[in-house]
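Note that ligands are numbered from 1 as they come in the structure, with each ligand's atoms numbered from 1 the same way.
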Amino acid sequence: MTIQGKVVIGVDIGTTSTKAVVFSEQGRVLASHAVDYPIIHPHTGWAEQDPDELFAAVIQAVGGVTVRYAIRPKQVKALGFSAAMHSVMAIDQEGKPLTNLIIWADNRSVAQAERLLKEQNGIDIYRRTGTPIHPMSPLAKLMWLKEERPDVFRNARRFVSVKDYVLYRLYGEYVTDHSLASATGLFRLSTLDWDEDVLSFLGIGCEHLPRLVPATHILQGMEKDWAEKMGVAPDVPVIIGASDGVLANIGVGAVLPGEAAITIGTSGAVRTIATNPTTDEKGRTFCYALTPGYWIVGGPTNNGGILLRWLRDEFGAQEREVAKKLGMDPYDLLTKYAEHVPPGAEGLVFLPFLSGERAPYWNANARGTFFGLSLHHKREHFIRAVMEGVCFSILSVALAIRDVTGPMEEIRVSGGFAKSPFWRQILSDMLGKPLIVPQTHEASALGAAAVALYALGELPSLGMVKNWIETTARHEPNEDHTLVYAELFDLYVRLYERLKEEFDMIAAFQRRNR
Ligand code: ADP
């Protein structure tokens, strides 16, 4: 198959793969190619990736799609980049990696994050930088590197994120965009510059970090070999773009203040838009930059669709078998059973913190809990309670964001959970708000392509992206159900507050008995 006419390629460097997605100038997906790579776990709780493998994946993803669809260099109007947040690695004088990429999922710096909060007035650092104090934050990771690998830290000439490294290999200069920088814990939101206080605490200077540029920054003059391997012209405009989370908002059409995007894939997130940097007195939400006047305020939860997957894999052998015979997706069968149970699962409440929790509690020791169990509860009650528990956690994040930015009027949902109309309705009932299901393909890559066109002056505003995206379904909340959920949500919050100490105890027990 060949593709005619001008195209824009969105390159999304994600956690499991890099995708190159080819879009028309009106944001229509024409083709895509993904190249996978593994996460390396050298020790429990560590999560790393090989930066050169990720660089190769970028070249192969773009090269793969241009070859397969016979896209000629002249057709490629621009490349726009998106990348996962919170990665960091050390680079030496010659530009060679001194470490692997330490990625967002790495928890080695738990102790450093705790000390930042208790001893360094972490809440102040968060309020200046917008990144919650957590082991995911490059700030905590750099503190770990300084304390645990002092020789590497001393010899490091630069500390960069995955995208900065890829662009360094392509252009020979260290640059990063405000958006990814705002997810490092080292960047001051109010000045759009590195935070001198945090840097001096770490004992580094701006010269150890990439040069800061806006998301619309255009790079040109790529090394010829790489351009050839990707099938693009060396002078093709490459727009640096932003982080995947921020771009995903654009890519689902949540583009104005009051509009929110909720994604529930394996994990989940709620994000909305603010016109100024906005942080939370209690430290519950993040604030990341896109362009001046365009900030994303939100919160990530660890416990999204992974919980239904856990139920399917650990307790759903029977359903998996039946589904196989019927040629159905086991998830569809599981959720069908749950439909027969009324809202509130007849008194079974589930706290979904099987992987600890990030927003709004930021508590790695939190654990899952079924509460209210009685003899009348059957497996379908458990399924429904799990689906509701995931939505309670999303509601708790949404309420924290509402405290910071005001109400959300239009909510767009995406991710694996959105395949289930029933699960979407539970969420709508719980939030007491209508939900819109946009037709999304590769939201972050679409956001990256949109920023690229905007940077070239060919898209008057990022808000125009909304015109590119069709709506596939809409849900209205059922008021009776909303009342049931409001009552149970109070209980959910009480249970969490009351069990905090017990969560610490069971987590300590687990650590001792590992
Ligand atoms: P997997 O869990 O097999 O990696 P996906 O990546 O497609 O699945 O989806 C992520 C999550 O979305 C799943 O763990 C599951 O919770 C949810 N999901 C996917 N498909 C469905 C479905 N048909 N009904 C309900 N939930 C679903």
Salt-bridge present (Asp52, Arg169; N to O < 4.0 Å): yes
Geometric N/O contact Thr266 with ligand 1, under 3.5 angstrom: no
Heavy atoms of other groups near Arg320 CZ, more than 12 under 6.0 Å: yes
Sub-3.5 Å N/O-N/O distance, Tyr331 and ligand 1: yes
Distance-only N or O hit between ligand 1 and Ile264, under 3.5 Å: no
Aromatic plane relationship, Trp310 with Phe350 - under 30° parallel, 30 to 60° tilted, over 60° perpendicular: parallel
Per-atom contacts, ligand 1 versus Ser420 - under 4.0 Å to a heavy atom: 24 (N), 25 (C)
Heavy atom of the protein closest to atom 27 (C) of ligand 1 (residue, atom name, distance): Gly416 O, 3.4 Å
Salt bridge present between Glu319 and Arg312 (N-O < 4.0 angstrom): no
Full working for side-chain hydrogen bond (donor to acceptor under 3.5 Å, both in side chains) between Thr335 and Trp423: CA-CA 8 Å; Thr335 55; Trp423 207 351; over 6 Å; no
Which of the ligand 1 atoms, numbered from 1, are nearer than 4.0 Å to a heavy atom of Asp329: 23 (N)
Nearest neighbour in protein (non-hydrogen) for atom 16 (O) of ligand 1: Gly305 O, 2.8 Å
side-chain hydrogen bond (donor to acceptor under 3.5 Å, both in side chains) between His376 and Glu346, intermediate numbers included: CA-CA 9 Å; His376 69 270; Glu346 297 190 282; 5.0 Å; no
Nearest neighbour in protein (non-hydrogen) for atom 3 (O) of ligand 1: Arg312 NH1, 3.7 Å
Ligand 1 versus Lys336: contacting region, heavy-atom distance under 4.0 Å: neither
Candidate pair Asp106 and Arg108, rule salt bridge (Lys or Arg N to Asp or Glu O under 4.0 Å), full reasoning: CA-CA 6 Å; Asp106 190 293; Arg108 75 184 68 178; 2.8 Å; yes
Charged N-O contact under 4.0 Å between Glu259 and Lys466: yes
Sub-4.0 Å protein heavy atom near atom 6 (O) of ligand 1: no
Residues Glu380 and Arg384 bridged, charged N to O under 4.0 Å: no
Any N or O of Trp423 closer than 3.5 Å to N or O of ligand 1: no
Per-atom contacts of ligand 1 with Phe417, taking only distances under 4.0 Å to non-hydrogen atoms: 12 (O), 17 (C)
Cationic N near anionic O, under 4.0 Å, Glu476 to Arg474: yes
Protein residue, atom and distance nearest to atom 23 (N) of ligand 1, heavy-atom basis: Asp332 OD1, 2.9 Å
Short N or O distance, Arg309 and ligand 1, threshold 3.5 Å exclusive: yes
Closest approach of any protein heavy atom to atom 11 (C) of ligand 1, naming residue and atom: Gly265 O, 3.9 Å
